[in-house]
Amino acid sequence: MAALAQLQDRLSVLREEYFRRQRSADEGRRIKYKAAVKIQSWFRGCRVRAYMRYLTKMVISIQKWWRGYQSRRHFRKIVETAYFIMKMNFYNEMAVRIQKRWRGYYVRKYIHNYYALKKYLEALSLNNEVVRSELQEYTEMKENEEKRKDLEKKEKEKKYQARKMHYLLSTEQIAGIYNSPFRKFPDPMELLLRSSKPLSHRGQQIKSHSAYELRDWPTCRRPPSFFTEQSLPLIGRQKPQGPFRNTAEVLQQRYKPLEPTLRVAASVHLPLEKAREDMKREKWINGIHDNEFLPFSSYHKNEKYEPSILRAGKYGQETYGFKHFREVQPKKWVADKDFHTVSPSIVLFEKFGKTYSRAGQIV
């Protein structure tokens, strides 16, 4: 009981002491927890940093090895490319030298051969001299020919003048103007007048083509011929005002030959007669038999008769050779009129080239 009484007296103090001890325990526990967390974080940080340093070293070593491999490979490629380029340059230079030597040899031997070129130039110079001499001879010949032609022309003119002035010839009673009595010898023109004949006084009647054609057109002796060249107009003559055509063109249209139409030119019965004549002529020409007729043999007696298509029909034999090719049967006519064998002419086509328009041109 005494102990219980003591505990009851100390009950308030025990509560405070319990609270104080719990609080101190909590504070110690928190300090220990923080210390443990700090130790763990430090350890884990050291561990992670060591691992990261290891990984970094590994990555750096791998990168160094890869970069070295790439650099070595790239360097190898560069070296190979440089070697290949150097080799190709060497080969190209050698090929250029070979080509230069060969081309020089080929050009000197076949193209620009000195001796052949020298011979060619010598032959060319000789040919030039020959051509120049021939040209010189040709020019001299042309000049002599021109001079001869000029002299002949002058002589002809002198003869023509002498024939034209033959009335100035001197006679026995009166001396001419070219035979002066004050001269010792007569003028050369006087001698030319004596040797030449006078011109005839009758004028040559030259018929113009236009007058000849205009005179012969109305009589229709021959087909007219038209001249396209225009004659020179008269001096002081003015062209009449208006759309007038050329006289030759109007006369050509007026006196052109007759152009009959088909109805006038062809007859209705003429084609039938002509067809009959053609058929007879063809029959006469093509009437050749391959099987020769033998009168004293029995070859043709055993031949089988083969009727023609026209005779074997139900309509019977046609009247071929006895009547016209086209029989006239009014009972079979569909219309009241017979079939026209000649078509009528077209009036518009008949007027083509025969009428005038408002502007005066031929339609």
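Just so you know, residue 1 is the first one in the sequence shown, and it goes up from there.
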Using modelled atom types only, decide if a donor and an acceptor are shared between the side chain of [X] and the backbone of [Y] within a distance under 3.5 Å.
X: Arg163; Y: Lys197; value: yes
X: Asn128; Y: Leu124; value: yes
X: Asn89; Y: Ile85; value: yes

If I compare all heavy atoms of [X] with all of [Y], which pair ends up nearest, and what's the gap?
X: Arg21; Y: Glu17; value: NH2-OE2, 2.5 Å
X: Lys158; Y: Met189; value: O-CE, 4.3 Å
X: Ser170; Y: Gly176; value: CB-N, 2.9 Å
X: Leu169; Y: Leu193; value: CD1-CB, 3.8 Å

For the pair [X] and [Y], find out whether any cationic side-chain nitrogen is under 4.0 Å from an anionic carboxylate oxygen.
X: Lys149; Y: Glu145; answer: yes
X: Asp150; Y: Lys153; answer: no
X: Glu190; Y: Arg194; answer: yes
X: Arg23; Y: Asp26; answer: no
X: Arg97; Y: Glu93; answer: yes
X: Glu152; Y: Arg148; answer: yes

Fill in: Evaluation steps, side-chain contact (heavy atoms from CB on, under 4.5 Å), between Leu251 and Thr247
CA-CA 6 Å; Leu251 292 173; Thr247 308; 4.0 Å; yes

Linking I/L/V/M/F/W/Y whenever their side-chain heavy atoms sit closer than 4.5 Å, directly or via other members, would [X] and [Y] fall into one cluster?
X: Ile174; Y: Tyr178; result: no
X: Trp66; Y: Val59; result: no
X: Met165; Y: Ile177; result: yes
X: Val107; Y: Tyr114; result: no
X: Tyr51; Y: Val48; result: yes

Interatomic spacing from [atom1] in [X] to [atom2] in [Y] - rounded to 0.5 Å:
X: Glu282; Y: Lys280; atom1: CD; atom2: NZ; answer: 13.5 Å
X: Tyr91; Y: Lys87; atom1: OH; atom2: NZ; answer: 5.0 Å
X: Leu199; Y: His166; atom1: CG; atom2: NE2; answer: 9.5 Å
X: Lys34; Y: Ile39; atom1: NZ; atom2: CD1; answer: 14.5 Å
X: Met141; Y: Glu146; atom1: CE; atom2: CD; answer: 11.0 Å
X: Asn179; Y: Thr171; atom1: CG; atom2: OG1; answer: 10.0 Å

Fill in: Candidate pair Tyr18 and Gln22, rule side-chain contact (heavy atoms from CB on, under 4.5 Å), full reasoning
CA-CA 6 Å; Tyr18 178 77; Gln22 287 289 337; 3.4 Å; yes

Discussion item. I'd like to check Thr56 versus Ile60 (side-chain heavy atoms, cut-off strictly below 4.5 Å). Are they in contact?
Written reply: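 Yes, close enough: below the 4.5 Å cut-off.
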
Worksheet item: What is the ring orientation for Tyr106 with Tyr110, classed by angle as parallel under 30°, tilted 30 to 60°, or perpendicular over 60°?
Response: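 Plane angle between 30° and 60°, so tilted.
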
Worksheet item: Is a side-chain donor-acceptor pair under 3.5 Å present for Lys109 with Tyr105?
Response: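 A pair is found: one side chain offers a donor N or O, the other an acceptor, under 3.5 Å apart.
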
Discussion item. Does Met52, at its CE atom, have more than 12 non-hydrogen atoms belonging to other residues, nucleotides or ligands within less than 6.0 Å?
Written reply: no

Worksheet entry | More than 12 heavy atoms of other groups within 6.0 Å of Gln99 CD |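 Correct, the count exceeds 12.
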
